[in-house]
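Below you'll find the structure, written out as structure tokens, and then a few comments.
Both backbone and side-chain heavy atoms feed into the values below; hydrogens, waters and symmetry mates do not.
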Amino acid sequence: SERSLVVSCSRLERDPRRSADVFARRPCSEAIGHMDSLFKSRYVPMNRRRRIYEGKAKILYEGPEPGTLIQHFKDDATAFNAKKHAIIDGKGVLNNRISEFVFNQLNALGVPTHFIKRLNMREQLIREVEIIPLEVVVRNVAAGSLSTRLGIPEGTQLPRSIIEFYYKNDELNDPMVSEEHITAFGWASPQDIDDIMALAIRVNDFLSGLFLGVGIRLVDFKIEFGRLWEGDMMRIVLADEISPDSCRLWDQSTGDKLDKDRFRRDLGGMLEAYQEVARRLGILNDNASAANAGAPSLVPDVTDVPEQE
């Protein structure tokens, strides 16, 4: 899991004449269009940007305007809190496109997220949020640690979806915590927890239908949330990413794993599995193959900006 990045937007100094404040006062669609035009004139090559934070799978850079960040997807594959590590060429590109696809759909449904737009094949423009130090895991089918802890055979359909909380701390191996722990230690308020659970259920409903429609069983997934400050007002929004790195995805017919378990369990074919997910979602061209795994043949998008490294 990525370490918590805590940046309070309320501490940012804002000049009322600056376009960032104009952005904050405009309707969402107009504001994003305004941000698009600003970014086109202010794109800064990666080696000239200020790095805010680097995790196992992503890097956060300072954004073009106050209150924004650039999220860069790396090709690193990790498991067991980075005890297992490899570089999988093209993984970051696929995760960026899959996460963009999912977040765009969620935004359209009215689920609040940090996502603004994809910038190029590896990067997204996102809103700066104060990350809540919790990993929220939604389980529909027994697998992974749930099966180990409770002795439930993998693949068992759960009687209902279960939401679990884990404290984001790599040194402690992200221990499972209760709502009592969360409120007692001030990680989130009872209202925050209610909002998180309500959003998690909405995301689960959407993802379950999305993947079922392309022949994939959504076993479980991990999401993160942050506090988005807009002046003195705060709301909980979905953050981080949603991709095969953070979901367990099984082929509906064969049960084949199409997610990071292929890396965790030394099954091989991790990139090909991610490509298959992208292909079914309409992100990857049907004629793409493992032969060009290092440079996946993704459906072109007019928003692509050539990456400069």
Can the positive tip of Lys84 be found less than 6.0 Å from the middle of the six-membered ring of Phe263, inside 45° of the ring normal?
yes
Would you compute the distance between atom [atom1] of [X] and atom [atom2] of [Y] and round it to the nearest 0.5 angstrom?
X      : Y      : atom1 : atom2 : value
Leu212 : Gln252 : CG    : CD    : 5.5 Å
Glu241 : Asn95  : CD    : CG    : 5.5 Å
Lys83  : Thr78  : NZ    : OG1   : 11.0 Å
Leu109 : Asn104 : CG    : CG    : 11.0 Å
Asn204 : Asn140 : CG    : CG    : 4.0 Å
Glu123 : Gln71  : CD    : CD    : 10.0 Å

Student check: side-chain heavy atoms of [X] and [Y] closer than 4.5 Å:
X      : Y      : answer
Leu60  : Ile126 : yes
Glu62  : Ile70  : no
His72  : Arg51  : no
Cys247 : Ile242 : yes
Asp192 : Trp187 : no
Gln124 : Ile116 : no
Ser145 : Tyr166 : yes
Thr113 : Val237 : no

State whether Arg264 and Asp261 are salt-bridged, where the test is any N-O pair (Lys NZ or Arg NE/NH1/NH2 against Asp/Glu carboxylate O) under 4.0 Å. yes
ask   = When you check the gap from the basic side-chain N to the acidic O, do Arg265 and Glu154 get nearer than 4.0 Å?
value = yes
Side chains of Asp195 and Gln191: is there a donor and an acceptor less than 3.5 Å apart? yes
With hydrophobic residues grouped by side-chain heavy-atom distances under 4.5 Å, do [X] and [Y] end up in a single group?
X      : Y      : result
Leu106 : Ile236 : yes
Val138 : Ile162 : no
Phe185 : Val136 : yes
Val219 : Leu249 : no
Met197 : Val111 : yes

Heavy-atom pair with the smallest gap, counting every atom of [X] and [Y]:
X      : Y      : answer
Asp75  : Gly92  : OD1-N, 2.8 Å
Ile152 : Ser147 : O-OG, 2.9 Å
Arg262 : Gly268 : NE-O, 2.6 Å
Gly90  : Leu271 : C-CD1, 3.9 Å
Ala200 : Phe225 : N-CZ, 4.2 Å
Lys56  : Asp170 : NZ-OD2, 3.2 Å

- With side-chain contact (heavy atoms from CB on, under 4.5 Å) as the test, would you mind laying out the steps for Asn173 and Phe80 before giving the verdict? CA-CA 8 Å; Asn173 292 317; Phe80 315 114; over 6 Å; no
Going through the distances and angles, do Glu164 and Arg149 end up as a salt bridge (Lys or Arg N to Asp or Glu O under 4.0 Å)? CA-CA 13 Å; Glu164 299 174 339; Arg149 290 196 317 266; 2.7 Å; yes
Could you check Lys58 against Glu224 for salt bridge (Lys or Arg N to Asp or Glu O under 4.0 Å), going step by step and ending with a plain yes or no? CA-CA 14 Å; Lys58 296 185 291 296; Glu224 298 181 19; over 6 Å; no
- prompt: Checking side-chain contact (heavy atoms from CB on, under 4.5 Å) for the pair Ile132/Ile182: CA distance, chi angles, key distance, verdict?
  reply: CA-CA 10 Å; Ile132 295 169; Ile182 295 168; over 6 Å; no
Side chain to side chain donor-acceptor pair (under 3.5 Å) test vs Lys222 passes for just one of Asp240, Asp174, Asp245, namely Asp240
With Asp251 as partner, the option from Lys257, Arg217, Arg280 fulfilling side chain to side chain donor-acceptor pair (under 3.5 Å) is Arg280
Would Arg248 and Asp259 satisfy salt bridge (Lys or Arg N to Asp or Glu O under 4.0 Å), going step by step from the backbone distance to the final call?
CA-CA 6 Å; Arg248 276 195 175 91; Asp259 54 65; 5.3 Å; no
Item to complete: Count the heavy atoms of every other residue, nucleotide or ligand shown that sit under 6.0 Å from CD of Gln157, and state whether that count exceeds 12.
Response: yes
Do [X] side-chain atoms and [Y] backbone N/O form a donor-acceptor pair below 3.5 Å?
X      : Y      : result
Lys91  : Asp76  : yes
Ser246 : Ser243 : yes
Arg122 : Asn96  : no
Lys74  : Ile87  : no

- request: Go through the steps to decide whether Glu230 and Arg235 satisfy the test salt bridge (Lys or Arg N to Asp or Glu O under 4.0 Å), and finish with yes or no.
  value: CA-CA 8 Å; Glu230 297 166 323; Arg235 58 176 174 151; 3.5 Å; yes
query: For Val177 and Leu134, what are the C-alpha separation, side-chain angles and deciding distance, and is it a side-chain contact (heavy atoms from CB on, under 4.5 Å)?
result: CA-CA 9 Å; Val177 294; Leu134 297 171; 4.2 Å; yes
In Leu69, Val129, Ile131, Leu238, the residue satisfying side chain to side chain contact (heavy atoms under 4.5 Å, CB included) with His114 is Val129
| field | side-chain contact (heavy atoms from CB on, under 4.5 Å) evaluation trace for His181 with Tyr167 | value | CA-CA 9 Å; His181 293 112; Tyr167 177 48; over 6 Å; no
